[in-house]
Amino acid sequence: GSVMMTGTHYAEFQITGGPSIGIVRPMPSLETGAFGNYCFFIGLPRSGITEFYPTFLAQRSDDWGDGSIHACEYLSGDGTMKWTNWGSTTVEGKRWEGMKF
């Protein structure tokens, strides 16, 4: 498979309904079954619950480089995005240049 390391990356989607689309750092040894159906990489919607962040950060590898954004999400319902460093910073409802909704 291909791995995105640096630079700007693009994807196009034809969206119906109001799904959220997210990207997260690679964590090949993460035991996903331990989270059941409730694994949110950027807290739980409207609650801010971040209990899994330490588990995600424990998966850090040299492949992550020096970047500080570990997960991001686009919310197709209102066109905003959010991101987190799984530490002290989570940005929600961010408007961005070129945003369409």
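The figures here come from the full heavy-atom set of this structure, side chains too, leaving out hydrogens, waters and symmetry mates. Just so you know, residue 1 is the first one in the sequence shown, and it goes up from there.
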(Q) Taking side-chain contact (heavy atoms from CB on, under 4.5 Å) as the definition, give me every residue that meets it alongside M27, ordered by chain and number, with sequence neighbours left out. (A) V24, L30, F41, F56, Q59, W64, W86
Q: Mind checking side-chain contact (heavy atoms from CB on, under 4.5 Å) for S68 and listing every partner two or more places apart, or none if nothing turns up?
A: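 Once residues adjacent in sequence are excluded, S68 has no partner under the side-chain contact (heavy atoms from CB on, under 4.5 Å) criterion.
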Q.
So does P19 get a backbone contact from the side chain of S76, meaning a donor-acceptor N/O pair under 3.5 Å?
A.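 Checked: pair present.
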Q: Not counting sequence neighbours, list each pair that qualifies as a salt bridge (Lys or Arg N to Asp or Glu O under 4.0 Å) and has a residue in residues 15-36.
A: none
